[in-house]
J.: 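Please read through the structure below; I'll follow up with questions.
Counting from 1, the numbers follow the sequence of the chain as shown.
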Amino acid sequence: MNSFAKIDGRAWLPRITPREGNSHVSSRLSGNRAALLRQHLRPIYRGSSRIQVKASQEEPPQGTTVKPKPIGNVSLTGKWRKQPQRSTPMDEAYDMVQFPWILRKAVDLLPYMEVESTPERFKTVLKAGGVLDIVETYSWTGEEVEHPRRDKRYGRHLACVVSTAKGPTIKSRWGNPYRGWCTDTFDLSEDGLTLTVRTHMEIVDSGRKCDYNTVYTRVHK
């Protein structure tokens with residue numbers, strides 16, 4: 001993927017714009033913001049329940065009745081930059097799982113995504129440093145694997161990747177709190193320059209659901 005009650009004493013993130021050409025300053029500021037977010041995340045983790053919750057048995061509808069096969073589409077492989085103005089706001093998705101304010105700010109530190117699509121595996125990487133990293137690797141066998149919850153609560157989610165007509169689709173499910181499931185479909189444009197991740201998410205107990213798109217453009221080396 002994927003509001004928690006509002007957090008008293010919200011962290012203030014200074015908005016500092018480095019001068020043009022000072023790339024080393026921009027890099028240092030990005031690192032400072034990640035460190036600040038990690039500092040304020042610690043109280044959230046200490047106050048959270050450490051009980052591991054069994055993943056929901058509710059599974060997303062199957063998009064295919066055949067065993068998933070490698071798509072062999074290596075054009076997905078590469079580094080991608082998020083385009084916020086072309087993407088759907090995620091406010092509704094945040095509210096559905098009570099996503100904390102400090103973690104919403106952390107999303108701003110994930111402007112890039114790396115994708116590795118080979119005949120053997122499908123891997124996505126969103127890196128901001130430490131606990132904010134989201135790294136997921138799947139085989140094309142359709143076997144479910146465990147990854148840390150994307151909402152950074154304690155516990156795991158189960159997920160697999162399958163091949164669909166629109167592109168690779170990651171199917172994820174998780175247990176309480178906010179038991180639910182989602183699908184992320186990686187839809188590549190014909191020219192291979194734009195990647196749209198189409199997400200559908202549902203929360204089992206509340207019955208709430210939403211759809212949103214995240215648009216990326218290819219980063220050329």
J.: Taking all heavy atoms of Gly78 and all of Arg218, pick out the closest pair and write down the distance.
T.: CA-NH1, 4.4 Å

J.: Rounded to the nearest 0.5 Å, what separates atom CD1 in Ile170 from atom CD in Glu136?
T.: 5.5 Å

J.: Do side-chain atoms of Thr88 reach the backbone of Asn213 as a donor and acceptor pair under 3.5 angstrom?
T.: yes

J.: Which heavy atom of Gly192 sits nearest a heavy atom of Trp80, and at what distance?
T.: O-CH2, 3.6 Å

J.: Output, in order, the C-alpha distance, side-chain angles, deciding distance and verdict of salt bridge (Lys or Arg N to Asp or Glu O under 4.0 Å) for Glu114 and Lys123.
T.: CA-CA 8 Å; Glu114 295 179 9; Lys123 179 179 180 181; over 6 Å; no

J.: Within the structure provided, determine whether Ile134 and Lys152 are in side-chain contact (heavy-atom separation under 4.5 Å).
T.: yes

J.: Just to verify, what does Glu146 make a salt bridge (charged side-chain N to carboxylate O under 4.0 Å, His left out) with, not counting sequence neighbours?
T.: Arg156

J.: Going through the checks in order, is the salt bridge (Lys or Arg N to Asp or Glu O under 4.0 Å) test met by Arg208 and Glu202?
T.: CA-CA 6 Å; Arg208 295 183 65 181; Glu202 296 192 15; over 6 Å; no

J.: To the nearest 0.5 Å, what is the distance between CD on Glu120 and OG1 on Thr141?
T.: 12.0 Å

J.: Looking at side-chain heavy atoms only, is the closest gap between Arg104 and Met90 below 4.5 Å?
T.: no

J.: Mind running side-chain contact (heavy atoms from CB on, under 4.5 Å) on Val145 and Thr137 for me, showing each step along the way?
T.: CA-CA 8 Å; Val145 295; Thr137 303; over 6 Å; no

J.: Would you say the side chain of Leu195 lies within less than 4.5 Å of the side chain of Met113, judging by non-hydrogen atoms?
T.: yes

J.: Hey, could you give me the SG/CD1 distance between Cys210 and Ile203, rounded to the nearest 0.5 Å?
T.: 8.0 Å

J.: With a 3.5 Å cut-off and no angle check, do the side chains of Gln83 and Thr217 form a donor-acceptor pair?
T.: yes

J.: Do any N or O atoms from the side chain of Arg81 and from the backbone of Tyr216 form a donor-acceptor pair under 3.5 angstrom?
T.: no

J.: Determine whether Trp140 and Ser117 make a side-chain contact, defined as any pair of heavy atoms from C-beta on separated by less than 4.5 Å.
T.: yes

J.: May I ask you to decide if the ring planes of Tyr138 and His147 are parallel, tilted or perpendicular, using 30° and 60° as cut-offs?
T.: perpendicular

J.: Can you sort out the partners of Phe186 under ring pair (Phe, Tyr, Trp, His ring centres under 6.0 Å), two or more places apart, ordered by chain and number?
T.: Phe122

J.: List the steps, then state whether side-chain contact (heavy atoms from CB on, under 4.5 Å) holds for Val204 with Arg173.
T.: CA-CA 10 Å; Val204 175; Arg173 58 190 177 99; over 6 Å; no

J.: Taking C-beta and beyond as the side chain, do Asp211 and Glu92 meet within less than 4.5 Å on heavy atoms?
T.: no

J.: Ignoring hydrogens, what is the shortest heavy-atom contact between Tyr212 and Ala93? Give both atom names and the distance.
T.: CE2-CB, 3.7 Å

J.: Provide the closest heavy-atom pair for Gly175 versus Arg149 in the form atom of the first, atom of the second, distance.
T.: O-NH1, 3.0 Å

J.: Please give me the minimum heavy-atom distance between Leu188 and Ser75, naming the atom from each residue.
T.: CD2-OG, 3.1 Å

J.: Take Val115 and Thr77 through the side-chain contact (heavy atoms from CB on, under 4.5 Å) test and state the conclusion after the steps.
T.: CA-CA 5 Å; Val115 177; Thr77 296; 5.5 Å; no

J.: What pair of heavy atoms forms the shortest contact from Met96 to Tyr178, and how long is it?
T.: O-CD2, 3.5 Å

J.: Could you give the distance from CZ (Arg121) to OG (Ser139), rounded to the nearest 0.5 Å?
T.: 11.0 Å

J.: Test Asp187 against Arg198 for salt bridge (Lys or Arg N to Asp or Glu O under 4.0 Å), laying out the working first.
T.: CA-CA 7 Å; Asp187 188 356; Arg198 306 185 187 279; 3.0 Å; yes

J.: If you define the side chain from C-beta out and look only at heavy atoms, does anything of Val197 sit under 4.5 Å from Val215?
T.: no

J.: Does Ser189 use its side chain to pair, donor to acceptor, with the backbone of Thr194 at less than 3.5 Å?
T.: yes

J.: Could you tell me whether the side chain of His200 and the main chain of Asp184 form a donor-acceptor pair under 3.5 Å?
T.: no

J.: State, with a plain yes or no, whether a side-chain heavy atom of Pro168 is found less than 4.5 Å away from one of Leu76.
T.: yes

